[in-house]
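Comments concern the structure below.
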Amino acid sequence: MYLLLFHIQNITILFWQLLRRTFSKPFYWRDLLFEMDSLGFASLPITILTGIFLGLVLTLQAAIGVHKIGAVSLVPRAITISLIREIGPVVGSLMIAGRVGSGITSQIGSMKVTYQLDAMRVLGTDPLRKLILPKFLAITIMLPLLIILLCFSGLVSAYFLASVNLNIGAVFFWNEVLRGIKFLDLINNITKSLVFGGIIGLFGNYFGLEVEGGTEGVGRATTTSVIVIFISILAADFILTKIFYEILK
Amino acid sequence: MSRQIIIEMRDVWFSYREREVLKGVNLRLYEGENLVILGGSGSGKSTILRLLLGLEKCSRGRIYIFGKDVTDLNEDGWFEVRRKIGMVFQEGALFDYMSVRENVGFRLYEEGYKEENIDRIVREKLRIVGLESVIDAMPGDLSGGMKRRVAIARALVGEPGVIFYDEPTTGLDPITARTIVRHINMLKEQYRVASIIVTHELEYAFSLADRLMMLKDGKFIFEGSVEDFKRSRDPYIVKFLGREEMV
Ligand SMILES: Nc1ncnc2c1ncn2[C@@H]1O[C@H](COP(=O)(O)OP(=O)(O)OP(=O)(O)O)[C@@H](O)[C@H]1O
Ligand SMILES: [Mg+2]
């Protein structure tokens, strides 16, 4: 319990330090772009694949549920709402966290145990500015974009399955999708992925910086980091869903 | 002989959590000398260098670098002090995602030098350690000895008056290790760079040292020349010497 408070305090301090560095010079634009590429664009395949399979599964589920009562026409809207409000951001963030969160922790962690972070400080550069902040910002910015892409690819795959299996036409399907998307759902979607991206960036970096005990330590920290990120994403999802539910009411 | 003191530690104490690592360390480094710090594993040798670089803060005592009291400096203050110090970490600590050129020139890139100036300075420093040919290699492709030499080249950028070496020869074969020793001695003779060298390898300690200090249980138990050290009757030093000969 004491340890938990200790970590929460440290993470808050790290967050504050990053925030202060975001709005002061020098700001490493090039490193930010580099990280957006390597953490963001490089996650495209995993994002699109996740989206496709989510779309397929959701369509099947909806079809099973709706077939009995003969309300096949509700399928597109049901898929759209669950994909955009809930399933897309959560499952997508978990998938991307598995890649990006573990990547950040293991990179920063191994730089720490081989004294590269110290070497950087000795050479006059602040590793929080040059390494940590760009990673944090990059995944926070890129995750919402990735999730929107994921939702879109999910809808495309859902459309294909629905048109083959349920005989739903293209015009009807996409019309229903557009009518299903509420402005607030989009805000919901983007807010969630922003927060989840922040969680991945902050915790991934934090556990990397905390590594102790050589290469083994890096392995252990990476596992811890991914687990903590997963649970935090689910917890944050609960809180955010609750907030949006209250707003909608 | 009144040589100038460039670094001084006065009664410095330091602990990791509850563990007392240093218990009243006194140290002086004079200009242009090689000072070797000997000590067993975990005796706190690296910690002394980390304190002198502001990577850790001591709990008691004062530290002076180039005549300035640096004990209570913040990170920005330390950035200023570290400009005049070179550091070669254990294993080199090269940035493994950057090329040798970017490693050695790191400070210059950060300070916004022009590409052609960076290239000139990087080549000049690599030439000193005999490695100009690997300028475009990645650290992962280099041998252990080459990594240390690149790390030395990186430490030389900025023309430091003093360089710290943490276990510069550990884990290297004898031939490579002697090359490193030669480079360190050459820097002293040709460029008048002072050095603190931390090691537990006696052979290299003896060929490097103008002065030797021995750390044990958080204190220095010996300070003097190589000859005095070899003649010492201190039981721990006798054991240290004897154990090394058997290896
Ligand atoms: N990050 C840390 N956390 C806790 N204790 C540490 C840490 N770093 C060092 N110590 C402790 O401080 C003591 C001194 O460490 P230091 O690295 O200075 O020793 P050293 O003389 O350089 O040893 P070595 O020859 O193994 O490099 C060690 O006994 C170690 O237990
Ligand atoms: Mg050490």
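What you see is a predicted model, and the numbers here were worked out from it, not measured in a lab. Letters A, B, ... are given to chains in the order of the sequence lines, protein chains preceding strands, and every chain is numbered from 1.
Interatomic distance, A:Phe136 CZ to A:Leu39 CG, rounded to the nearest 0.5 Å: 12.5 Å. Rounding to the nearest 0.5 angstrom, the gap separating the OG1 atom in A:Thr222 from the CD1 atom in A:Ile227 is 11.0 Å. The distance from the CG atom of A:Leu234 to the CD1 atom of A:Ile229 is 12.0 Å, given to the nearest 0.5 Å. Residue A:Ile199 holds its CD1 atom at 12.0 Å from CD1 of A:Ile231, rounded to the nearest 0.5 Å. Taking OG1 of A:Thr50 as the start and CD1 of A:Ile96 as the end, the distance is 7.0 Å to the nearest 0.5 Å. Within the model, atoms CG of A:Leu54 and CD1 of A:Ile79 stand 11.5 Å from one another, a figure rounded to the nearest 0.5 Å.
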Step-by-step side chain to side chain contact (heavy atoms under 4.5 Å, CB included) determination, A:Leu117 to A:Leu209: CA-CA 9 Å; A:Leu117 298 183; A:Leu209 290 171; 3.8 Å; yes
Before you tell me yes or no, could you show the steps for A:Leu18 and A:Leu137 under side chain to side chain contact (heavy atoms under 4.5 Å, CB included), namely the whole-Å CA-CA distance, both residues' side-chain angles and the distance that decides it to 0.1 Å? CA-CA 9 Å; A:Leu18 291 179; A:Leu137 290 180; over 6 Å; no
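Across all their heavy atoms, B:Val100 and B:Ile135 have their closest contact at CB-O, 3.5 Å.
B:Leu55 touches chain A through backbone and side chain together, each having a heavy atom under 4.5 Å away. Proximity to chain A is limited to the side chain of B:Phe106, based on heavy atoms less than 4.5 angstrom apart.
Between the A:Asn189 side chain and the A:Ile84 main chain, a donor and an acceptor come within less than 3.5 Å of each other. Distance alone, capped at 3.5 Å, places no donor-acceptor pair between the A:Asp185 side chain and the A:Ile181 backbone.
Heavy-atom pairs under 4.5 Å with chain A were tallied for B:Leu94, B:Ile85, B:Val157; the largest tally goes to B:Leu94.
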Between these two chains, chain A and chain B, I want each donor-acceptor atom pair under 3.5 angstrom written on its own line with its distance.
{"residue": "A:Tyr28", "atom": "OH", "partner": "B:Glu110", "partner atom": "OE1", "Å": "2.4"}
{"residue": "A:Gln116", "atom": "OE1", "partner": "B:Asp96", "partner atom": "N", "Å": "3.2"}
{"residue": "A:Gln116", "atom": "NE2", "partner": "B:Asp96", "partner atom": "OD2", "Å": "3.1"}
{"residue": "A:Asp118", "atom": "OD2", "partner": "B:Arg50", "partner atom": "NH1", "Å": "2.8"}
{"residue": "A:Asp118", "atom": "OD2", "partner": "B:Arg50", "partner atom": "NH2", "Å": "3.3"}
{"residue": "A:Arg121", "atom": "O", "partner": "B:Arg82", "partner atom": "NH1", "Å": "3.1"}
{"residue": "A:Arg121", "atom": "NE", "partner": "B:Glu75", "partner atom": "OE2", "Å": "3.0"}
{"residue": "A:Arg121", "atom": "NH2", "partner": "B:Glu75", "partner atom": "OE1", "Å": "3.1"}
{"residue": "A:Thr125", "atom": "OG1", "partner": "B:Glu110", "partner atom": "OE1", "Å": "3.1"}
{"residue": "A:Lys130", "atom": "NZ", "partner": "B:Glu110", "partner atom": "OE2", "Å": "3.2"}
{"residue": "A:Glu212", "atom": "OE2", "partner": "B:Arg17", "partner atom": "NH2", "Å": "3.4"}

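For residues 138-154 of chain A, a heavy-atom distance under 4.5 Å to chain B picks out no residue at all.
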